[in-house]
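Here is the structure we will look at.
Everything numeric in this text was worked out from a predicted model, so none of it was measured.
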Amino acid sequence: MFNLYKESRAIAKEAWDACQGDIDNAMDFVFQSCDGHEVAIYHYQALKFCADVDTSEGEDWLEDCGGIAQDGDSFGQIANRIAFATLLCASQEALQEIQKESE
């Protein structure tokens, strides 16, 4: 089972360390890390992720960005998009927590 807290915290910590505390660069790093994550790339991993994790925050984020599904999307592509957005939101939140902890 996917542990969203642990994974998002690891992504955020890596971003924070790599960017030496520069929050803007760290946010970009988080985005790139989530975009290249297996749940954002592989349909099977995304489907498992969506089955195991509460994706509400990611779905809300996608709705704010114009919608979850795009014309011509497959079921797998939608799952990838939801998984990416959920991981991104959790990782951005974890990064903000790490920033506060380091102050």
Side-chain angles (χ1 to χ4, degrees):
M1 186 165 158
F2 193 90
N3 188 319
L4 180 59
Y5 177 80
K6 283 184 178 180
E7 188 67 15
S8 61
R9 186 80 182 181
I11 290 169
K13 177 80 169 97
E14 181 181 10
W16 186 253
D17 292 345
C19 297
Q20 301 172 344
D22 181 324
I23 191 65
D24 292 329
N25 286 337
M27 282 290 189
D28 289 340
F29 188 104
V30 163
F31 186 93
Q32 294 301 320
S33 294
C34 292
D35 191 45
H37 197 279
E38 65 184 11
V39 301
I41 298 173
Y42 302 112
H43 297 329
Y44 175 74
Q45 295 298 330
L47 292 167
K48 277 182 35 180
F49 177 94
C50 290
D52 291 342
V53 173
D54 176 6
T55 60
S56 300
E57 192 171 349
E59 291 174 44
D60 290 343
W61 186 85
L62 288 169
E63 286 296 339
D64 290 344
C65 293
I68 293 173
Q70 307 300 320
D71 287 340
D73 275 350
S74 69
F75 183 67
Q77 289 169 315
I78 294 168
N80 286 121
R81 191 172 292 118
I82 292 169
F84 160 76
T86 302
L87 183 59
L88 177 65
C89 290
S91 297
Q92 288 175 334
E93 186 176 315
L95 181 59
Q96 290 171 340
E97 289 172 7
I98 289 170
Q99 180 187 28
K100 286 179 185 173
E101 291 167 5
S102 70
E103 293 175 346

Could you state the interatomic distance from [atom1] ([X]) to [atom2] ([Y]), rounded to the nearest 0.5 Å?
| X | Y | atom1 | atom2 | result |
| --- | --- | --- | --- | --- |
| Glu101 | Lys13 | CD | NZ | 9.5 Å |
| Asp22 | Gln99 | CG | CD | 10.0 Å |
| Gln92 | Trp61 | CD | CH2 | 7.5 Å |
| Leu95 | Glu14 | CG | CD | 12.0 Å |
| His37 | Gln45 | NE2 | CD | 9.0 Å |
| Glu7 | Ile11 | CD | CD1 | 4.5 Å |

Side-chain contact, heavy-atom cut-off 4.5 Å: Glu59 with Glu63?
-> no
Do [X] and [Y] belong together in a cluster built from hydrophobic side chains that touch within less than 4.5 Å?
| X | Y | result |
| --- | --- | --- |
| Val53 | Tyr42 | no |
| Ile68 | Leu88 | yes |
| Phe29 | Phe31 | no |
| Ile98 | Ile23 | yes |

Member of Asp54, Thr86, Val39 meeting the side chain to side chain contact (heavy atoms under 4.5 Å, CB included) criterion with Leu4 = Thr86
What are the two closest non-hydrogen atoms of [X] and [Y], and how far apart are they?
| X | Y | answer |
| --- | --- | --- |
| Val30 | Ser91 | CG1-CB, 3.5 Å |
| Gln77 | Gly72 | OE1-O, 3.7 Å |
| Ala94 | Ser8 | CB-O, 3.8 Å |
| Ala15 | Ala26 | CB-O, 3.6 Å |
| Ala85 | Leu62 | CB-CG, 3.6 Å |
| Asp35 | Ala40 | O-CB, 3.6 Å |

Exam field: side chain Asp73 to backbone Gln70, donor-acceptor pair closer than 3.5 Å | yes
Any donor-acceptor N/O pair, Thr55 side chain to Gly58 backbone, under 3.5 Å = no
